[in-house]
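Since the structure is predicted, the reported quantities are computational estimates derived from the model, not experimental observations. Each chain gets a letter, A, B and so on, in the order the sequences are listed, and its residues count up from 1.
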There are 2 protein chains.
Amino acid sequence: MNQRKKATIRDVAEAAGVSIATVSKYINRQQSFSPSVEEKLRSAILDLGYSQNPAARSMVTGRTTAIGLAVMDISNPHYANVMKGANRVALANGYNLLVVDLEEKSTGVRELLEPLVLRTDGLIVSARIPKDVVDWLAELDKPVAFLGQPERQGVVSVGMDSVEVASLLAGYLAQQGFTRIGYVGYPRAAWNVERLRGLHAVLDPAGIELMEFNAEEPTSEAGERVAAKVLLRSDRPQAVIGCNDLVAIGLMTQARALGFRIPEDVAFAGIDNIPTSRYVTPALTTVDVFSEATGEAVMKQIISMVTDQPPSDELRRQPLLIVRDSAKRVSGDDIPAKAEELSKSEELGK
Amino acid sequence: MNQRKKATIRDVAEAAGVSIATVSKYINRQQSFSPSVEEKLRSAILDLGYSQNPAARSMVTGRTTAIGLAVMDISNPHYANVMKGANRVALANGYNLLVVDLEEKSTGVRELLEPLVLRTDGLIVSARIPKDVVDWLAELDKPVAFLGQPERQGVVSVGMDSVEVASLLAGYLAQQGFTRIGYVGYPRAAWNVERLRGLHAVLDPAGIELMEFNAEEPTSEAGERVAAKVLLRSDRPQAVIGCNDLVAIGLMTQARALGFRIPEDVAFAGIDNIPTSRYVTPALTTVDVFSEATGEAVMKQIISMVTDQPPSDELRRQPLLIVRDSAKRVSGDDIPAKAEELSKSEELGK
DNA sequence: TTGAAAGCGCTAACAA
DNA sequence: TTGTTAGCGCTTTCAA
């Protein structure tokens with residue numbers, strides 16, 4: 001069955017008594033064959049254990065049947081789930097996934113991506129990379145789809161609208177009756193300004209104060225680190241939005257360590273709806289951005305670009321508010337610093 | 001700078017006025033050159049934006065400078081962190097990572113792995129794949145390193161000793177004074193029997209009863225689903241070990257939903273020390289298996305195999321017990337087998 | 001339906 | 001130090 005040395009198309013041709021061209025056409029299902037040839041080919045391939053050498057094929061066709069995926073941080077469950085979706089669609093279509101974890105780096109990114117361009121037919125890249133790298137990619141003679149909206153027009157991007165996501169959350173918090181809301185952002189991300197825009201768009205008209213803070217990284221650890229700054233102050237926000245669930249969970253954990261009751265003393269909400277958010281206490285209110293479906297969608301998109309097919313009519317999904325316990329307006333009591341107007345609207349009972 | 005068509009080695013040779021062999025040697029740093037040639041090469045490559053075609057190179061050298069990584073479930077933070085470590089070492093050594101998420105499948109695994117073998121110089125594969133696939137891989141003419149110990153001798157494997165991990169945890173729980181301990185395993189994993197062995201090795205001599213349960217999958221959801229079966233019984237265990245943190249967290253969450261106080265009524269412990277385990281309430285006692293370091297180690301290992309270097313003298317790391325609140329023996333009283341009583345837990349007073 | 005032959009871009013002898 | 005050349009395994013005209 002298995003030879004010591006990999007069988008080549010030539011070995012198959014010889015074993016089957018046909019030319020290599022015929023073998024090539026056979027394995028690529030490019031035409032029909034006489035039954036006798038077909039059978040000989042089938043068995044020759046089988047007992048030589050032959051399989052195509054992708055490098056050789058790639059050389060002449062110029063295609064690799066591989067897609068590159070570059071994410072900011074694979075240990076962020078959002079990205080892991082994007083990858084899960086992308087992986088599924090890639091495998092189903094006969095593509096392999098070349099993955100690069102950027103580890104939240106902002107320098108040397110292009111050097112990391114460079115090897116991918118020759119090795120793949122198309123690239124999926126987080127929009128959160130430096131602008132010059134986005135530009136370089138966009139100018140490349142290779143299909144690229146961005147995860148999220150980069151600071152550049154005219155590129156393909158898949159993912160939620162950041163403004164919308166933020167507005168959705170702001171709307172809910174406003175409706176809960178919070179009047180002073182904190183946002184812990186991550187200024188190095190392109191979406192940060194959009195989030196802020198979405199927040200302001202809803203909160204400003206409602207006369208709700210928005211306090212802006214920044215995390216050093218979009219991680220739980222960074223959330224923990226910034227918590228004291230956000231919470232230990234006379235004008236402490238009544239509700240705090242983390243720029244993602246990880247940050248929110250870090251904030252919430254540290255808030256509890258500082259002695260705050262959640263959500264009575266301070267409420268929390270996140271963005272992404274990572275699996276963990278359901279298992280923390282209290283369960284985290286968040287916005288589902290459908291990470292896995294996003295991964296599937298972006299992979300479908302890049303594959304259709306690569307194969308010159310019309311883009312899949314995957315409609316842009318709407319973000320979905322996930323109401324859990326961490327951001328319920330439970331009591332109207334003290335929380336002061338100054339006066340707290342109770343009697344705000346209390347629509348959602350439970 | 002950037003041509004419409006990718007520049008080839010021939011273009012560079014022409015632009016620099018040298019032969020393609022010289023260019024090849026130059027880009028592979030195989031010898032030294034006269035200053036004039038060196039300079040011409042440098043600038044020609046630069047302004048043609050040339051880069052090596054990996055497929056072409058691979059064809060003649062037979063090497064791909066890519067490593068395959070197949071994990072059971074990339075949304076399990078353990079695997080995501082293994083991948084993070086592997087990614088880091090791979091990139092640092094000029095290798096690219098071809099990743100396959102097996103999605104906990106147990107059929108068709110070989111078909112998923114097959115394309116990787118021709119595309120990579122070596123493979124890192126979870127030991128939790130079907131035995132026949134392990135055998136196939138082991139017989140392959142390609143370096144393979146397993147993540148964890150598969151049911152087969154004589155293969156390279158990196159990761160914690162499952163017996164040891166289980167014993168460590170059992171030792172702690174015994175020391176805490178628990179006398180009836182539950183283990184929620186995942187029978188389809190090769191490590192399951194070893195875990196059991198490690199547990200029994202410690203608990204049996206101590207006269208501690210071990211109750212065995214199984215989760216349908218190694219996930220939090222499966223943990224939640226099995227919780228009732230584990231807990232709603234007259235001989236309820238005083239402490240429950242999840243076969244990984246995910247399962248333990250699911251169990252714990254559902255236990256709380258069922259009205260149990262943790263760890264007073266029932267204690268929990270997991271295995272892996274995924275980041276989340278620190279953020280649940282109460283924080284989960286677990287065993288650190290150093291996922292990320294494992295990823296680094298296994299990648300170093302496979303690279304040294306691929307390059308015929310002596311295996312890195314990475315010593316096998318010991319698992320580390322992480323004591324947190326979920327498994328502290330708080331009350332010595334007799335956990336009643338029936339109803340729950342007492343007031344609610346007031347936890348943090350503030 | 002089948003085959004011959006020309007490369008794809010590169011490396012590695014071997015020569016010069 | 002530099003160049004010539006023979007392939008690596010495959011696909012793809014173009015003929016037969």
Side-chain angles (χ1 to χ4, degrees), chain A residues 3-42 44-45 48-66 94 115 117-121 141-142, chain B residues 3-42 44-45 48-66 94 115 117-121 141 307:
Chain A
Q3 310 303 301
R4 204 80 282 240
K5 281 287 79 182
K6 256 302 182 189
T8 74
I9 198 174
R10 225 171 298 269
D11 300 324
V12 174
E14 192 173 349
V18 298
S19 75
I20 61 166
T22 303
V23 179
S24 175
K25 287 164 194 156
Y26 175 77
I27 56 185
N28 292 309
R29 321 197 172 317
Q30 296 197 325
Q31 52 171 63
S32 50
F33 303 85
S34 64
S36 77
V37 168
E38 175 130 20
E39 168 53 24
K40 280 188 292 186
L41 248 15
R42 214 189 48 71
I45 288 175
L48 261 52
Y50 170 76
S51 52
Q52 251 177 334
N53 181 321
R57 174 176 227 271
S58 166
M59 269 205 59
V60 15
T61 62
R63 311 192 323 101
T64 62
T65 61
V117 358
L118 275 299
R119 287 172 172 279
T120 60
D121 294 339
D141 198 15
K142 171 136 324 205
Chain B
Q3 311 303 300
R4 203 81 284 238
K5 281 288 83 182
K6 257 302 183 187
T8 74
I9 198 175
R10 227 171 297 268
D11 299 325
V12 175
E14 192 174 350
V18 298
S19 74
I20 61 166
T22 302
V23 180
S24 175
K25 288 164 194 157
Y26 176 77
I27 55 186
N28 292 308
R29 323 199 171 314
Q30 298 197 325
Q31 54 171 63
S32 50
F33 302 85
S34 64
S36 78
V37 168
E38 175 131 19
E39 168 52 24
K40 281 189 292 187
L41 247 16
R42 213 189 47 72
I45 288 175
L48 261 52
Y50 170 78
S51 53
Q52 251 176 333
N53 181 321
R57 174 177 227 271
S58 165
M59 270 205 58
V60 15
T61 61
R63 310 192 324 101
T64 62
T65 61
V117 359
L118 275 297
R119 287 171 171 278
T120 60
D121 294 339
D141 199 15
T307 55

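Taking atom CG of L41(A) as the reference point, atom C1' of dT2(C) lies 11 Å away to the nearest angstrom. Atom CD in E14(A) sits roughly 13 Å away from atom P in dG3(C) (whole-Å rounding). For the pair R119(A) CZ and dC10(C) P, the computed distance is 14 Å after rounding to whole Å.
Between I9(A) and V18(B), the residue anchored closer to the 5' end of DNA chain D is V18(B), taking for each the nucleotide with the nearest heavy atom. Nearest-nucleotide mapping onto DNA chain C: of P54(B) and K25(A), the residue sitting toward the 5' end is K25(A).
Rounding to the nearest 0.5 angstrom, the gap separating the CD atom in Q52(B) from the CG atom in N28(B) is 5.0 Å. For the atom pair Q30(A) CD and K25(A) NZ, the distance stands at 8.0 Å (nearest 0.5 Å). To the nearest 0.5 Å, atom OG of residue S58(A) and atom CG of residue D121(A) are 7.5 Å apart. With rounding to the nearest 0.5 angstrom, the OG1 atom of T64(B) is 14.0 Å from the CE atom of M59(B). One finds the OG atom of S51(B) at 3.5 Å from the NZ atom of K6(B) (value rounded to the nearest 0.5 Å).
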Would you be so kind as to tabulate the donor-acceptor pairs closer than 3.5 Å made by side chains of residues 7-18 of chain A, with sequence neighbours excluded?
residue	atom	partner	partner atom	Å
T8(A)	OG1	R10(A)	N	3.0
T8(A)	OG1	D11(A)	N	3.4
D11(A)	OD2	T8(A)	N	2.8

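Counting non-hydrogen atoms under 4.0 angstrom, Q31(A) reaches a base of the nucleic acid. Among the atoms of the strands shown, base atoms are found under 4.0 Å from some heavy atom of S24(A). Within the 4.0 angstrom heavy-atom criterion, only backbone atoms of the sugar-phosphate kind lie near Y50(A); the bases stay farther away. Nucleic acid contact class of V37(A) (heavy atoms, under 4.0 Å, all strands): sugar-phosphate only.
The listed nucleotides are dA12(C), dT1(C), dG9(C); the one nearest the side chain of T61(B) is dA12(C).
The side chain to side chain contact (heavy atoms under 4.5 Å, CB included) test applied to T61(A) returns R57(A), R63(A), not counting sequence neighbours. For the ring-ring contact (aromatic ring centres under 6.0 Å, His included) test, no residue two or more places apart in sequence or in another chain qualifies with Y50(B).
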Got a list of protein N/O to nucleotides 5-8 of chain C N/O distances below 3.5 Å?
none

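Note that the first and last nucleotides of DNA chain D, 5' to 3', having any atom under 4.0 angstrom from a heavy atom of chain A are dG9(D) to dT12(D).
Across the helix from dT1(C)-dA16(D) to dA16(C)-dT1(D), the helix axis at one end is tilted relative to the axis at the other end by 30° (nearest 10 degrees, each axis from five pairs).
Of all non-hydrogen atoms in P54(B) and L118(A), the two that sit nearest each other are CD-CB, 3.4 Å.
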